[in-house]
Amino acid sequence: MRKPVAILLTLLLLALLPSGAVHAKEDGIYNRSNGCSCHGSSSGFSAQLTGLPSAYTPGTSYTLGVSMAGSPATGGFNLEVSKGTLSNPDANTQVAGNGLQATHDFSPGTTSWSLDWTAPSAGSGATQFDLAVLSANNNGFTSGDSYATTSLSVSEAVSTNNPPEVSDVALTPAQPTTLDALTATYTYADEDGDGESGTVFAWHRNGVVQAAHTSATLPASATNKGDIWFVSVTPSDGVDEGDTVNSATVTVLNSAPAVTDLEVSDEAPDTSDDVSFTFASNDPDGDTVASSESRWRLDGTPQASLHNTSTLPALATRPGDVWDVQVRVADGEDVSAWFTSAPVMIGSTNEAPTVANITVSPSQNPTTADAIALSWTESDPEGDAIVETELVWTKNGEVQPELDNLNPLPAEHTTKGDLWQASVSISDGLAWSQAQTGPAITVANAHPSWLRQRWSRLRFPLCTTSISTSRPRIPTVTSARWRP
């Protein structure tokens, strides 16, 4: 029964102590950074707080160590800071809910602790650190225990950085339409030579900040016709921000409409077909397309007589023509660019003429003394006149272009043993026939001139003949004797 009485007496005695007396607790105590008088005072040991910088950088976290000189059996502590936040305590440390105090937890035998301190924001000034540590002998009583305190003040690091500047802030293009993105342009300068980092852009539409847009470029999709825009640029070098500079305002202008599709009714008509077209258009501003204009072009040249006609008449076309149509539209303010259709290739219903029955004269045994003539028959299904003929000669299978269209082929171009052949094609002015090839002719040797003369005498004796145009050709002998 004596033990409970002793405990009660101890509690009573403690209650009678002066109100300034401090009681240590195994699980820690706050608001005692000035020491614990119930454990005596400092005697030969000191409180130690490590990890603090000589000057703190705002917002930076530092890991602090709490300990004491000497080798006590066990101990405790209470740390208070005037600014910033204590956090991340080790397993034997606890932090107050306001983040401004820390103390030991229930940890007999522990004499050192760690935790983090995050420095306050810029402009907070110096921070005060007050620390009390307890050195206990672990005899169950306060006798023989002692405490020590220390106070430190850490100043805020003063930046010597010079903030950057911007000038010549402008928007491009200066006269945008609803199809144009807006881009902020400016000149950046930094006295310290620091590069640009973290520059802030604020876009204003009709005087109101558009929080959704924070980059140097405003997309065209964000603008509407008639909007008034400007941008504010706040330069930054990653450490400090400079003064904000505004651009001049720009007004978003009307965008021209556009033709989006153009189709012709037939891309390969013949000369009996009319050709029409259809088109589609839109306007980026949602304006109504007020008017359209069209023009037909022949081989790339507009034909004034067909301006603003919806149809290319068959009467205006010829086989082989290449036509197209162009369309542009207007919204009452601006006109679109010309939009060009696919080419329209004009064909023909005309049938080509034909060549047949090619013959050669002389047909047998032509010699180097003979000209070689061609003849043939030609026809056209529609009865069209033949307006052009093409004749190509080949010698021994090789084309002789210098002899094209010669008929007959002069004898001086032939040589004994040559194999000659010719092809013929004709045109009615609209189409060409298939080329037809005549028979092949081998040129024979001509008799010597004296033999030809003798042969002539054999055939025609030396006599004088006269031919009357009014009667048959009958030779009349005017000299005596027939001789071979």
Side-chain angles (χ1 to χ4, degrees), residues 270-272 299 317-322 345-461 463-475:
D270 59 40
T271 52
S272 64
D299 299 326
T317 65
R318 297 168 301 177
D321 284 352
V322 180
M345 312 292 292
I346 307 298
S348 174
T349 57
N350 177 69
E351 294 186 52
T354 58
V355 174
N357 304 320
I358 299 177
T359 59
V360 178
S361 177
S363 60
Q364 295 181 351
N365 304 319
T367 71
T368 54
D370 297 319
I372 301 174
L374 292 182
S375 61
W376 60 85
T377 60
E378 54 191 36
S379 62
D380 186 273
E382 291 93 12
D384 295 334
I386 304 305
V387 298
E388 194 170 359
T389 301
E390 185 175 87
L391 189 152
V392 176
W393 290 96
T394 63
K395 181 176 73 174
N396 301 325
E398 294 185 4
V399 174
Q400 307 296 305
E402 70 278 8
L403 303 179
D404 284 353
N405 299 321
L406 285 181
N407 190 28
L409 174 67
E412 61 262 26
H413 293 291
T414 66
T415 305
K416 183 180 75 172
D418 286 347
L419 179 66
W420 286 91
Q421 198 168 20
S423 64
V424 179
S425 57
I426 58 177
S427 172
D428 62 2
L430 296 176
W432 283 88
S433 71
Q434 293 288 330
Q436 298 296 322
T437 302
I441 297 296
T442 300
V443 178
N445 185 50
H447 297 298
S449 59
W450 65 268
L451 182 58
R452 290 198 300 275
Q453 293 175 0
R454 189 171 183 84
W455 175 246
S456 297
R457 291 172 183 171
L458 287 173
R459 295 175 62 191
F460 302 103
C463 62
T464 300
T465 62
S466 62
I467 300 175
S468 172
T469 58
S470 59
R471 54 185 177 177
R473 300 176 182 177
I474 301 174

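All values derive from a computational prediction rather than experimental measurement.
Judged by distance alone, the side chain of N407 and the main-chain N or O of L374 form a donor-acceptor pair under 3.5 Å. No donor-acceptor distance shorter than 3.5 angstrom exists from the side chain of Q421 to the backbone of G397, with no hydrogens or angles considered. Between the side chain of T377 and the main chain of A356, a donor-acceptor pair closer than 3.5 Å is present. Using modelled atom types, no side-chain atom of S361 and backbone atom of S363 make a donor-acceptor pair closer than 3.5 Å. S427 contributes a side-chain N or O that, together with a main-chain N or O of A431, makes up a donor-acceptor pair within less than 3.5 Å.
Note: I441 CD1 to Q364 CD = 9.0 Å, rounded to the nearest 0.5 Å. One distance of note links OG1 of T354 with CD1 of I426; it measures 6.0 Å at 0.5 Å rounding.
Atom CD of E412 is surrounded by more than 12 heavy atoms from other residues, nucleotides or ligands within 6.0 Å.
Closest approach of S425 to S433, counting heavy atoms only: CA-OG, 3.5 Å. Closest non-hydrogen pair, A371 versus P362, comes out as O-CD, 3.5 Å. The two residues L409 and H413 make their nearest non-hydrogen contact at CD1-CB, 4.2 Å. The two atoms that bring I358 and Q436 nearest to each other are CD1-O, 3.2 Å, heavy atoms only. Of all the heavy atoms in T414 and T368, the pair that sits closest is OG1-CA, 3.6 Å. P439 approaches V360 most closely through the heavy-atom pair CG-CG2, 3.5 Å.
Annotation: side chain to side chain contact (heavy atoms under 4.5 Å, CB included) contacts of D418 (sequence neighbours excluded): K395, N396, T415, W420, V443. Residues that satisfy the side-chain hydrogen bond (donor to acceptor under 3.5 Å, both in side chains) test with D428, not counting sequence neighbours, are N350.
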When the side chains of residues 381-393 are checked against the rest of the protein, which donor-acceptor pairs come out under 3.5 Å, sequence neighbours left out?
{"residue": "E382", "atom": "OE2", "partner": "E351", "partner atom": "N", "Å": "3.1"}
{"residue": "W393", "atom": "NE1", "partner": "L406", "partner atom": "O", "Å": "2.7"}

* **Derivation and outcome, side-chain hydrogen bond (donor to acceptor under 3.5 Å, both in side chains), residues S348 and T271** => CA-CA 6 Å; S348 174; T271 52; 4.7 Å; no

